[in-house]
Engineer: 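Here it is, the structure in full.
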Amino acid sequence: NAGVMQNPRHLVRRRGQEARLRCSPMKGHSHVYWYRQLPEEGLKFMVYLQKENIIDESGMPKERFSAEFPKEGPSILRIQQVVRGDSAAYFCASSPPGTNRDNEQFFGPGTRLTVL
Amino acid sequence: AQSVTQLDSHVSVSEGTPVLLRCNYSSSYSPSLFWYVQHPNKGLQLLLKYTSAATLVKGINGFEAEFKKSETSFHLTKPSAHMSDAAEYFCVVTTKAAGNKLTFGGGTRVLVKP
């Protein structure tokens with residue numbers, strides 16, 4: 001059973017370009033979470049999605065950031081017109097459907113975004 | 001609301017000596033608590049979790065943690081450090097009321113000296 005997969009692992013963009021980060025949850029998982037880790041900091045929640053629905057986006061910046069989890073295919077975190085401050089590691093996590101009794105989330109290896 | 005405070009940003013130990021990483025939490029509801037480890041430029045690996053069962057939780061690689069409700073603490077320990085334990089460790093809290101949103105502490109970086 002493959003774990004959570006993220007690609008690309010490393011992404012370099014110039015200021016003003018778009019960044020697309022992909023996350024494939026574990027098999028059978030329908031809940032996806034995105035977290036951002038700025039240099040020398042802990043992870044901060046960004047958004048929680050289920051298939052075709054955004055459940056909680058309270059941690060998403062109001063502009064330039066969006067996320068989706070379509071019926072088919074991976075979850076996408078999209079950052080438009082990137083700025084240097086967007087440079088960070090972006091982690092995706094997934095959990096199974098239904099009542100997640102112990103709230104455990106399974107993390108992917110992360111995508112490290114560098115904005116030049 | 002929920003929050004986590006890791007009391008030490010850096011811990012340095014000698015190989016073979018005990019490790020103690022301190023974590024205090026705050027939550028309005030019954031918490032689930034986790035410790036994750038992150039090796040340099042790697043993803044997060046779950047060490048152990050507390051979910052309202054036994055208060056002393058054993059994890060992988062010889063780590064364990066004790067949930068103390070009266071002290072709102074969930075400290076992580078290991079009796080004998082190994083060089084491979086050098087990494088960053090995160091204490092994490094969540095509750096059902098938080099919608100499964102994980103709240104991370106600031107992390108403790110562990111250095112193991114030979």
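Residue numbers start from 1 in every chain, and the chains themselves are labelled A, B, ... in the order their sequence lines are given, proteins ahead of strands.
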Engineer: With a 4.5 angstrom heavy-atom cut-off, could you sort out which part of B:Gln38 is near chain A: side chain, backbone, both or neither?
Structural biologist: side chain

Engineer: Without swapping roles, check the side chain of A:Tyr35 against the backbone of B:Phe104 for a donor-acceptor pair under 3.5 Å.
Structural biologist: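 No: the side chain of A:Tyr35 does not pair with the backbone of B:Phe104.
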
Engineer: Determine whether more than 12 heavy atoms belonging to other residues, nucleotides or ligands lie under 6.0 Å from atom CD of A:Gln81.
Structural biologist: no

Engineer: Which pair of non-hydrogen atoms, one from A:Phe45 and one from B:Lys101, has the smallest distance, and what is that distance?
Structural biologist: CG-CG, 3.3 Å

Engineer: Pick out which of A:Phe106, A:Phe107, A:Phe91 makes a ring pair (Phe, Tyr, Trp, His ring centres under 6.0 Å) with B:Tyr36.
Structural biologist: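 Testing each of A:Phe106, A:Phe107, A:Phe91 against B:Tyr36, the sole residue satisfying ring pair (Phe, Tyr, Trp, His ring centres under 6.0 Å) is A:Phe107.
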
Engineer: Go through the atoms of A:Gln37 and report whether side chain, backbone, both or neither lie under 4.5 Å from a heavy atom of chain B.
Structural biologist: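 Just the side chain, heavy atoms under 4.5 Å.
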
Engineer: Go through the atoms of B:Thr103 and report whether side chain, backbone, both or neither lie under 4.5 Å from a heavy atom of chain A.
Structural biologist: neither

Engineer: More than 12 heavy atoms of other residues, nucleotides or ligands under 6.0 Å from NZ of A:Lys51: yes or no?
Structural biologist: yes

Engineer: Tell me, yes or no, whether the heavy-atom count around A:Met5 atom CE, taken from other residues, nucleotides or ligands under 6.0 Å, exceeds 12.
Structural biologist: no

Engineer: What pairs of residues pass the ring pair (Phe, Tyr, Trp, His ring centres under 6.0 Å) test when at least one of them lies in residues 61-85 of chain A, not counting sequence neighbours?
Structural biologist: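 Qualifying pairs, neighbours excluded: none.
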
Engineer: Would you please test A:Leu43 and B:Leu44 for side-chain contact (heavy atoms from CB on, under 4.5 Å) and show each step?
Structural biologist: CA-CA 10 Å; A:Leu43 280 73; B:Leu44 283 83; 4.0 Å; yes

Engineer: At a 4.5 Å cut-off on heavy atoms, which part of B:Leu46 comes close to chain A: side chain, backbone, both, or neither?
Structural biologist: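 B:Leu46 touches chain A through side-chain heavy atoms alone.
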
Engineer: Test of understanding: clusters of I, L, V, M, F, W, Y form through side-chain heavy atoms closer than 4.5 Å, transitively. Do A:Leu21 and A:Tyr33 belong to the same one?
Structural biologist: no

